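Side chains are part of it too, since the values below use all heavy atoms of this structure and drop only hydrogens, waters and symmetry mates. Just so you know, ligand 1 is whichever comes first in the structure, and atom 1 is the first atom listed for that ligand. Note that the structure is a prediction, hence the values are computed from the model and not measured. All residue numbers refer to positions in the sequence shown, counting from 1.
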Amino acid sequence: MKKFKELLNGNKVAKVMGVHNGLTAKLAEEAGYDAVWASGLEISASQAVPDANILTMSENLQVVENIRESTKIPVLCDCDSGYGGLNNTVRMVEKYESVGVDAICIEDKLFPKMNSFIENNQVLADRIDFCEKIRSIKITQENPDFCAVARIESLIAGEGMEKALERAELYEKAGADALLIHSKATDAKEIKEFAKGYIGKLPLIIVPTTYPDIDLNELYKLGIRMVIFANQGLRSAVNSIKATFDKIIEFEKTTVVEDEIAPMSEIFRLQGMYDMLENERKIKNTISKEDF
Ligand code: SPV
Ligand code: MG
């Protein structure tokens, strides 16, 4: 298994899956993803609240701890805009690093931030203020391998390509380990243009939610080192759960879905029931009745 930093500098585009709890993190690892993205959208949606800094840093951190303990692959955390100002970001770094995550991502928007695909309400942070936040991560972190991803929202907020590239240069200077260039375009032209225009050295990360048709080999040549499939797991779960719920209420029994849903044995495996019982047996075997 590769470290997050190694993934950023690898010889292929690392594939990262969005997750919202320990179970989805485990499923992402088993499917073969290189890392997981603790998605703010997924975590808030899974609690049926808006993706707009409604959940507190501590509430997100609690979920992140469960994600961390459930998978061995690197965990990259969506930390929105750092939960406030510079000092909030400092405490956030201390707390996130203490639970053992590999990387955090902050975006150059104001608190409270709004999901990038909601029209209007996309207010960008002052670039110098944001550089200070990036610097605060690098100064606060204790583990040299801990990574800071700086997310550029210029193309989301309508600030334009030129300004996006200027921000990239500044965030690199401030100490970011990677740049996430976000786009809501319906094809990859915009992020390709950014990648071609970026003359710095940092690895680039993309989130192709609105532009699903991508070619990873082509993107690698342009400097893109990581792709985050940020929300497809949650969206797939919603459709699947809806279909199952609809069928059961219609037929008033579960026979119609039994072949489509995971067997109980699979749930037990995923939650570690069998491992727990095996461990219990091993512990008990170390004690013999005769000796005690
Ligand atoms: C998330 O997954 O929470 C993200 C990506 O930040 S997006 O929803 O595209 O803003
Ligand atoms: Mg988010």
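Inclusion of Phe117 in the set of residues having an N or O under 3.5 Å from an N or O of ligand 1 is not warranted. Backbone and side-chain nitrogen or oxygen atoms of Ser39 are examined, and one is located within less than 3.5 angstrom of a nitrogen or oxygen of ligand 1. Ligand 1 has a nitrogen or oxygen under 3.5 angstrom from a nitrogen or oxygen of Trp37. Note: an N/O pair closer than 3.5 Å links Gly40 and ligand 1 by distance alone.
Which of Asp51, Leu180, Asp78 comes nearest to atom 1 (C) of ligand 1 through a heavy atom is settled by distance: it is Asp78. Nearest residue to atom 10 (O) of ligand 1 from Glu107, Lys184, Arg151 is Arg151 (criterion: closest heavy atom).
Tyr198 and Glu172 share a side-chain donor-acceptor pair at under 3.5 Å.
Counting heavy atoms under 4.0 Å from ligand 1, residue His182 touches it through the side chain alone. Contacts between Ile228 and ligand 1 below 4.0 angstrom, taking non-hydrogen atoms only, are absent altogether.
In terms of protein heavy-atom proximity, atom 8 (O) of ligand 1 is nearest to Asn115 ND2, 2.9 Å.
Annotation: Phe130 is in aromatic contact with Tyr171 [ring centroid separation under 6.0 Å]. For His182 and Phe194, the gap between ring centers reaches or exceeds 6.0 Å.
The residues Glu65 and Lys95 are annotated as not salt-bridged, no charged nitrogen and carboxylate oxygen being separated by less than 4.0 angstrom. In this structure, Arg167 does not pair ionically with Glu153, as no charged nitrogen and carboxylate oxygen lie closer than 4.0 Å. Of the charged side-chain nitrogens involved, at least one lies within less than 4.0 Å of a carboxylate oxygen, so that Arg269 and Glu266 count as a salt-bridged pair.
The only member of Phe146, Tyr96, Phe4 that meets side-chain contact (heavy atoms from CB on, under 4.5 Å) when paired with Asp102 is Phe4.
Annotation for ligand 1: atoms under 4.0 Å from non-hydrogen atoms of Ala230 are 2 (O). Each of the atoms 10 (O) of ligand 1 lies under 4.0 Å from some heavy atom of Ser116.
For the pair Arg225 and Tyr220, the cation-pi test (distance below 6.0 Å, angle within 45°) is passed.
To the nearest 0.5 Å, atom NZ of residue Lys192 and atom CG of residue Asp215 are 7.5 Å apart. The structure places CG of Asn239 at 9.0 Å from CZ of Arg235, a figure rounded to the nearest 0.5 Å.
Summarising the geometry of Ile104 relative to Val101, their closest heavy-atom pair is CG2-CG2, 4.4 Å, with the distance given to 0.1 Å.
The Mg ion (ligand 2) has Asp78 OD2 as its protein N, O or S neighbours under 2.8 Å.
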